[in-house]
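In what follows, a structure is listed as structure tokens, so that the remarks can point back to it.
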Amino acid sequence: MSNAIEVRGLTYRAGRSFSLSDVSLTVPSGSIYGFLGPNGAGKTTTVRLLLGMMRRATGEVRLLDHAIPDDLPAALAVTGYVPERPHVYPSLRVDEALRFHAAFHTRWDAVWAARMQRTFELPGDRRVGRLSKGEAGKLMMLLALAQRPELLILDEPTDGLDPMVRRDVLTALLDYVGDTGATVFISSHLVHELERMCDWVGVLDHGRMIAEMPIDVLKGGVKRIRLTAPAMHGHAAPVELLNGHQAPFEILSRVNDPLTSGESWVVRGWTDPMKSYFDTVGATVRDVVDLDLEEVFVELLRSGREAKS
Amino acid sequence: MTRAMTEVLRTQWLASRWLLVPIVLLCIGLPQAVVRLATRYAGGSLDRLNPGMTSEIGPPLLIGALEGLSAIFPFLAAITGAAIALAAWNWDHRTNHVYALALPVPRSRYALMKLWAGALILLVPTLAIWIGAWLATAGVMIPDGLRAYPLAFTARFLLAALLIYATMFALAAGTIRTTLVIFIGSVLLLMVMGVGLPLLHDHLGVDLITPLQTAWYTMLGWPGPFEVFGGSWLLIDV
């Protein structure tokens with residue numbers, strides 16, 4: 001099995017205002033896959049469709065080689081899920097919630113769960129509905145990890161948590177992944193958080209996948225390039241000179257820089273030998289700057305929306 | 001019983017236990033109240049604890065009084081069944097069913113586990129009504145020619161409550177919106193039928209009342225599904 005999650009041509013429509021259109025994504029086994037997108041992009045809907053909680057219009061979903069929804073119970077038996085909001089019955093006490101969850105998961109590790117309950121300082125006699133946001137976040141992660149899953153699907157697991165709790169939750173997650181080699185599919189809009197832990201990234205915007213690749217490729221291939229127009233052309237910007245040529249990279253954005261008579265470009269698929277492209281048209285590459293994931297994310301969204309409009 | 005079933009039963013018990021308190025009290029108290037009120041309406045007293053105060057009551061009088069007052073028991077059974085059914089799904093509705101949908105069991109099996117758990121919980125008010133019926137009939141000196149039927153009465157209560165429980169369980173399994181749409185739709189349909197059918201009959205000569213009445217009586221009579229409600233709910237009978 002080379003892929004933990006395979007989605008092909010997933011389509012879903014909710015009224016006139018929202019739809020997922022032809023979403024395809026592949027999560028390699030053993031990877032940590034960051035599923036990025038702005039609020040309202042359709043991340044939670046995609047997660048729920050992956051878990052068979054909603055009925056798709058078209059498309060195909062496979063989790064750990066199990067077809068969804070035909071083989072859903074077998075898939076859920078080896079998949080840990082942390083939802084956007086706590087989903088455990090709020091009237092149960094923490095100990096009761098753990099016991100209930102354990103009864104449905106044959107791989108439940110009671111010893112590990114008890115240890116994590118102590119580490120997370122979760123009071124066993126407190127009702128789930130009365131836990132603080134941080135405690136509820138820890139409980140959700142504990143429930144998902146103690147069932148010893150091969151795949152973890154996490155929907156904004158640290159959203160709204162303070163830095164201490166976020167660190168505790170992510171440490172528990174990464175320890176587990178380090179020990180077991182489980183696959184993680186983590187949906188979030190906290191780009192910096194994902195940048196530190198993910199090795200694959202998929203970006204969803206307005207219900208469409210606009211990028212999916214290893215994070216190194218994504219970050220390494222997207223650069224900000226500052227160009228200066230050649231002197232003989234006076235104030236003309238380099239972009240004007242390049243209109244007739246086929247660029248070997250994708251231009252995500254172009255901004256005029258009036259002070260230098262040049263432009264600042266964000267390009268995808270950049271490699272250093274491509275500087276020669278500018279030599280052929282007489283423009284000068286002043287510098288090439290790496291972008292962090294958040295900048296890449298913003299540029300991808302911007303270019304995706306411009307292309308759509 | 002599997003661990004999962006035990007946990008479903010436990011959570012459903014936690015979800016419905018406070019609702020059961022008034023129901024259990026009614027189940028114990030109402031049979032006694034009905035029998036005592038019936039003897040009073042019949043113009044006598046059959047109190048076994050005060051034999052000196054007892055007076056003769058004719059069986060037809062007592063049965064007549066019981067028949068009037070026993071109409072409350074089908075309602076008690078219906079309320080009991082409906083309450084336990086709604087409590088069964090209450091916690092799932094509060095979490096938009098997300099937790100249940102993420103559990104690694106087929107949904108039909110999960111729903112069946114909940115159905116069974118509710119049916120088992122229904123045994124609590126059933127036990128209460130049996131105790132109430134037994135206390136009510138044991139506490140009076142039954143006139144010659146009449147007999148007490150606490151067990152048959154309890155069995156009828158259980159069947160009626162189960163019937164309503166199963167119906168409401170199926171209705172409440174959907175979203176709250178679906179349940180409300182079905183409920184309000186049914187009420188509106190009954191209102192339209194109540195007003196519209198006599199109008200149709202009077203002005204157009206179309207008689208839909210008779211077939212509907214026939215259907216209604218078929219539902220309530222043998223072998224209709226709601227026959228258990230239409231039969232005798234008397235604790236003391238010939």
Side-chain angles (χ1 to χ4, degrees), chain A residues 44 47-55 63-64 66 68-93 95-108 110 127-129 136 139-140 143-144 147-149 151-155, chain B residues 1-22 83-118 120-121 124 169 172-178 181:
Chain A
T44 295
V47 165
R48 290 186 175 180
L49 287 165
L50 291 183
L51 292 166
M53 292 179 180
M54 294 157 77
R55 198 170 294 170
L63 295 187
L64 299 167
H66 299 289
I68 305 298
D70 299 342
D71 210 6
L72 191 58
L76 291 177
V78 284
T79 302
Y81 170 51
V82 174
E84 195 179 14
R85 294 191 195 108
H87 62 336
V88 177
Y89 301 136
S91 301
L92 286 181
R93 296 177 197 283
D95 283 343
E96 291 168 341
L98 291 171
R99 199 166 51 204
F100 187 90
H101 204 72
F104 283 91
H105 291 91
T106 51
R107 296 152 61 115
W108 182 260
R127 294 193 192 283
V128 172
L139 176 63
M140 294 301 106
L143 290 172
Q147 67 188 65
R148 314 307 287 171
L151 168 65
L152 280 148
I153 295 184
L154 316 174
D155 189 4
Chain B
M1 198 183 292
T2 63
R3 266 181 78 197
M5 179 65 209
T6 310
E7 287 304 319
V8 169
L9 178 59
R10 190 200 306 272
T11 51
Q12 232 155 288
W13 167 252
L14 292 174
S16 51
R17 59 186 165 167
W18 296 115
L19 211 57
L20 282 174
V21 171
I84 292 175
L86 294 176
W89 288 113
N90 183 26
W91 286 7
D92 287 289
H93 283 314
R94 282 164 66 188
T95 55
N96 290 326
H97 296 262
V98 171
Y99 187 58
L101 292 175
L103 291 173
V105 285
R107 283 158 196 179
S108 54
R109 190 168 156 230
Y110 183 71
L112 270 178
M113 281 197 281
K114 289 186 83 72
L115 183 70
W116 273 114
L120 287 174
I121 289 169
V124 175
F169 183 90
T175 59
I176 293 172
R177 205 178 102 186
T178 311
V181 165

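So you know, we letter chains A, B, ... as the sequences are listed, proteins then strands, and number each from 1.
- Neither the backbone nor the side chain of B:Arg109 comes within contact range of chain A; no heavy atoms are under 4.5 Å apart.
- At a 4.5 Å heavy-atom cutoff, the contact between B:Asp92 and chain A is made by backbone and side-chain atoms alike.
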Check against side chain to side chain contact (heavy atoms under 4.5 Å, CB included), B:Val8 and A:Phe104: CA-CA 10 Å; B:Val8 169; A:Phe104 283 91; 3.8 Å; yes

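- Both the backbone and the side chain of A:Ala102 have a heavy atom closer than 4.5 Å to some heavy atom of chain B.
- Heavy-atom distances place the side chain of A:Leu72, and not its backbone, under 4.5 Å from chain B.
- Residues of residues 11-21 of chain B lying within less than 4.5 angstrom of chain A, judged on heavy atoms, are B:Thr11, B:Leu14, B:Arg17 in numerical order.
- With a 4.5 angstrom heavy-atom cutoff, A:Phe100 touches chain B via backbone and side-chain atoms both.
- The list of salt bridge (charged side-chain N to carboxylate O under 4.0 Å, His left out) pairs with a residue in residues 70-91 of chain A, not counting sequence neighbours, is empty.
- Separating the CZ atom in B:Arg107 from the CE atom in A:Met53 is a distance of 7.5 Å, to the nearest 0.5 Å.
- Residue-environment remark: CH2 (B:Trp116) stays at or below the threshold of 12 foreign heavy atoms within 6.0 Å.
- Taking OH of B:Tyr99 as the reference point, atom CG of A:Leu92 lies at 8.0 Å (rounded to 0.5 Å).
- Considering only heavy atoms from C-beta on, A:Arg48 comes within 4.5 Å of B:Val98 through its side chain.
- The shortest heavy-atom contact between B:Thr95 and A:Pro90 is CG2-CD, 3.9 Å.
- In terms of heavy-atom pairs under 4.5 angstrom with chain B, the leader among A:Ala77, A:Pro73, A:Gly52 is A:Pro73.
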